[in-house]
Amino acid sequence: MRKSKASSPRCSTSQRATIAPWKPISTRSVVSNGPGRINQAFSVRSSTWPKSQLRADWAKFHWKPRLGIQSTIWDEALKLQAADNDYQRRDLFEAIDAGDFPQWDLGIQLFDEAFAEAQPYDVLDATKLIPEEDVPVRLIGTLTLNRNVDNFFAETEQVAFLPSNVPPGIDFSNDPLLQGRLFSYLDTQNSRLGTTNFHQIPVNAPRCPFGNFQRDGKMQTMVPKGRANYEPNSLAAHGEEGGPRESPDVGFVTANAATGPEESGDKLRVRAETFADHYSQARLFYRSQTISEQAHIASSFVFELSKVAQLDQVPGRMVANLRNVDEDLASRVADGLAIDLPKKTPAAKEPIDMPPSDALSIHKNMLATLEGRKVGILIADGSDADELAAIVTAVEKAKGKAVIVAPKVGGAKLSNGKQQKADGQLAGSPSQIFDAVAIIVSQEGCATLLNEGAAVEFVMNAFGHLKAIGANETAQPLLDKAGVVPDAGVTGVDAAFVKAAALRFYDREPSLRMLA
């Protein structure tokens, strides 16, 4: 196991990772399905990147969504789960089906052994991350989901991902998490799919020519020839089938030194001392958040610890641990639990202060865009046809999706006498499944909705979940009953609404709920 220095500040400009120039690879479309379009992925473990290709020893991989990242608040997440437990998967499926193909950029953090040694943490510790301010993420490709699966079982349930499957140019590091998974994932897939030949299932089969000496076994669909299942052998020299051979020129070649040319001696299953630093990066994360995000982090601790019923010492012990992360966080959680601030838990390794990283904050990285987002438009009998048409056009022009909601799925009769079919019925289309809402109702329609609990909750939850609300003048009684207070996120059904709909209004939250 490689070792890191016990303690040193974040690298200065002169210490920052240096790598050779890189040309972006061409984009590539793949077939897949998975969770929502705004998810961001991170490799967690470090991989070895041979120096023969770039002047770098290590690599961490990132998937960054083109539409940016955003989050829900706790109450919204709970209600969203109740309204549509498959919301994210449905959103992804519908986007692909409509030709609005989600995309992620593939990025890498490349760094050398000198940089790794200069850090106050071990780059092989899966609980640690490398701040993007120290090693910027360099984009090298794009992932596009360009079709939905034809058969969920065949193309999704049977997928077998293995960290041992790597392309030439990437090698395995001494990362203890990775080393364990190199064994366990293969065993898992063998058990899950019932055969060692799972790589022959179409969704797992390589697209390039590939051969091995793995013969027979359950579900063997190929017909291996020859009598040898090992290499080297001399059967070919005797006119028999000798089987496949390695391809040193284009095949996998291990790095000359897994963790640098200076590595020597026995390799032991021990961890560097810095693995015992459990708090420095937690402190970095908390102090990198916005004021609103910090309030939600503290409140989430209060929520979870409040559910500890019989083990009454657990909350105090948790708060004692939090004092090693941040005193403000610990005090807020203790106050939220109405307990005295306990004595700080002795840390196995004293945490250090690291400069905040804006890349760790969701709020600081949200994109003000309607692209890929949904706007729920509530209508009723008598709704103004021109106002409805205008707001639908404006939302679609901003690359958002307008979803018309009415008390009945058959829709409502508009002011021009035409029946407007709804995309969703009010009771089954609550505002939590939308990114913003608009209310376009007539005086009579508003009076009807005032007696409909789902309509009041539609508006009330949108306001409570800090979303933009656009409403025409005759909808004001409904806003009043829902407790909507005018602010920057409450607009008319005009251009101001489309601009506001791309945002969340966190300044509204302190007046709506008590946060830690």
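On a predicted model such as this, the values are computed, not experimentally measured, just so you know. What's counted below: heavy atoms across the whole structure, side chains too, no hydrogens, waters or symmetry copies. If you read the sequence from its start, that first residue is 1, and numbering goes on from there.
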inquiry  = How about NZ on Lys499, more than 12 heavy atoms from neighbouring residues, nucleotides or ligands closer than 6.0 Å, or not?
reply    = no
Between CE on residue Met222 and CG on residue Asn197, distance to nearest 0.5 Å = 8.5 Å
key: Taking every non-hydrogen atom, the tightest pair across Asp122 and Ala272   = OD2-CB, 3.2 Å
message = Quick check for you: to the nearest 0.5 Å, what is the distance between Arg181 atom CZ and Asp187 atom CG?
response = 15.0 Å
ask   = Taking atom types as modelled and ignoring hydrogens, do the side chains of Thr345 and Asn321 form a donor-acceptor contact shorter than 3.5 angstrom?
value = yes
query = Does the pair Leu145 and Leu92 meet the rule for a side-chain contact (heavy atoms from CB on, under 4.5 Å), with working shown?
reply = CA-CA 9 Å; Leu145 303 187; Leu92 182 66; 4.0 Å; yes
message = If we ignore hydrogens and angles and just use 3.5 Å, is the side chain of Asp487 paired with the main-chain N or O of Val490 as donor and acceptor?
response = yes
task = Look up atom CG in Leu367 and atom CD1 in Ile69, then write down how far apart they are to the nearest 0.5 Å.
result = 8.5 Å
message = Does any part of the side chain of Phe61, heavy atoms only, come nearer than 4.5 Å to the side chain of Ile170, both counted from C-beta?
response = yes
note = Rounded to the nearest 0.5 angstrom, the NE2-OG1 distance for His278 and Thr127 is 8.0 Å
query = Under 3.5 Å, is there a donor-acceptor pair between the Thr142 and Asp105 side chains?
reply = yes
request  = Examine distances only and state if a side-chain atom of Arg508 and a backbone atom of Phe463 form a donor-acceptor pair shorter than 3.5 Å.
outcome  = yes
query = Under 3.5 Å, is there a donor-acceptor pair between the side chain of Lys79 and the main chain of Pro430?
reply = no
task = Would you name the heavy atoms of Phe497 and Ala436 that are closest together and state the gap between them?
result = CZ-CB, 4.2 Å
key: Donor-acceptor under 3.5 Å (Gln294 side chain, Tyr286 main chain)   = yes
note = In terms of heavy-atom contacts, Ile96 and Pro102 come closest through CG1-CD, 3.6 Å
key: salt_bridge(Arg287, Asp353) N-O dist < 4.0 Å   = yes
ask   = Is the closest basic N to carboxylate O distance between Arg138 and Glu132 below 4.0 Å?
value = no
key: Salt bridge present between Arg332 and Asp335 (N-O < 4.0 angstrom)   = no
key: Sidechain-backbone polar pair: Glu304 side chain, Ser300 backbone, donor-acceptor under 3.5 Å   = no
message = Please evaluate residues His62 and Gln109 with respect to the criterion side chain to side chain donor-acceptor pair (under 3.5 Å), reporting the C-alpha separation (whole Å), side-chain torsions for both, the decisive distance (0.1 Å), and the verdict.
response = CA-CA 8 Å; His62 298 253; Gln109 286 180 302; 2.9 Å; yes
request  = Test side-chain contact (heavy atoms from CB on, under 4.5 Å) on Leu360 and Leu284 and set out the steps.
outcome  = CA-CA 9 Å; Leu360 296 177; Leu284 163 66; 3.9 Å; yes
Pair Trp104-Gln40, side-chain donor/acceptor within less than 3.5 Å = no
inquiry  = With a sphere of 6.0 Å drawn around NZ of Lys364, does it hold more than 12 non-hydrogen atoms of other residues, nucleotides or ligands?
reply    = yes
ask   = Hey, mind stepping through Glu94 and Lys374 against salt bridge (Lys or Arg N to Asp or Glu O under 4.0 Å) and telling me if it holds?
value = CA-CA 12 Å; Glu94 291 177 350; Lys374 296 180 180 179; 2.9 Å; yes
Arg90/Asp84 salt bridge by N-O under 4.0 Å criterion = yes
message = Tyr506 vs Ile291, test: side-chain contact (heavy atoms from CB on, under 4.5 Å). Steps then yes/no.
response = CA-CA 10 Å; Tyr506 295 99; Ile291 293 176; over 6 Å; no
Salt-bridge contact Arg147-Asp150 (side-chain N to carboxylate O under 4.0 Å) = yes
ask   = Taking atom CG of Asp507 as the centre, does the number of heavy atoms from other residues, nucleotides or ligands within less than 6.0 Å exceed 12?
value = no
request  = Search all heavy atoms of Asp423 against all heavy atoms of Ala402 and return the closest pair with its distance.
outcome  = OD2-O, 3.9 Å
request  = Look up atom CG in Asp358 and atom CD in Gln289, then write down how far apart they are to the nearest 0.5 Å.
outcome  = 9.5 Å
remark   = Tightest non-hydrogen contact, residues Ser431 and Val437, listed as CB-CG1, 3.8 Å
key: Side-chain H-bond candidate by donor/acceptor type, Glu509 with His296, under 3.5 Å   = yes
key: Check: Phe434 main-chain N/O paired with Lys467 side-chain donor or acceptor under 3.5 Å   = yes
request  = Give a yes or no on whether the backbone of Glu350 and the side-chain of Asp277 come within a donor-acceptor separation of less than 3.5 Å.
outcome  = no
message = Closer than 3.5 angstrom, by distance alone: can the side chain of Gln200 be matched with the main-chain N or O of Thr221 as a donor-acceptor pair?
response = yes
request  = Could you check if a side-chain atom of Trp58 sits within less than 4.5 angstrom of a side-chain atom of Leu110, using non-hydrogen atoms only?
outcome  = no
message = Main chain of Asn146, side chain of Thr144: is a donor-acceptor contact present, judged purely on distance under 3.5 Å?
response = no
key: Flag, side chain of Glu293 to backbone of His363, donor-acceptor distance under 3.5 Å   = yes
task = Can you run down the ring pair (Phe, Tyr, Trp, His ring centres under 6.0 Å) pairs that involve residues 174-211, sequence neighbours left out, and say none if there aren't any?
result = none
task = Can you measure from CD (Glu371) to NZ (Lys399) and round to the nearest 0.5 angstrom?
result = 5.0 Å
task = Apply side-chain contact (heavy atoms from CB on, under 4.5 Å) to the pair Leu106 and Leu143, showing each step before the final yes or no.
result = CA-CA 7 Å; Leu106 173 61; Leu143 168 72; over 6 Å; no
request  = Find out whether Ile108 and Lys60 are in side-chain contact, i.e. whether some heavy atom of one side chain is under 4.5 Å from a heavy atom of the other.
outcome  = no
remark   = Correct closest heavy-atom pair for Val302 and Gly336 would be CG1-O, 3.7 Å
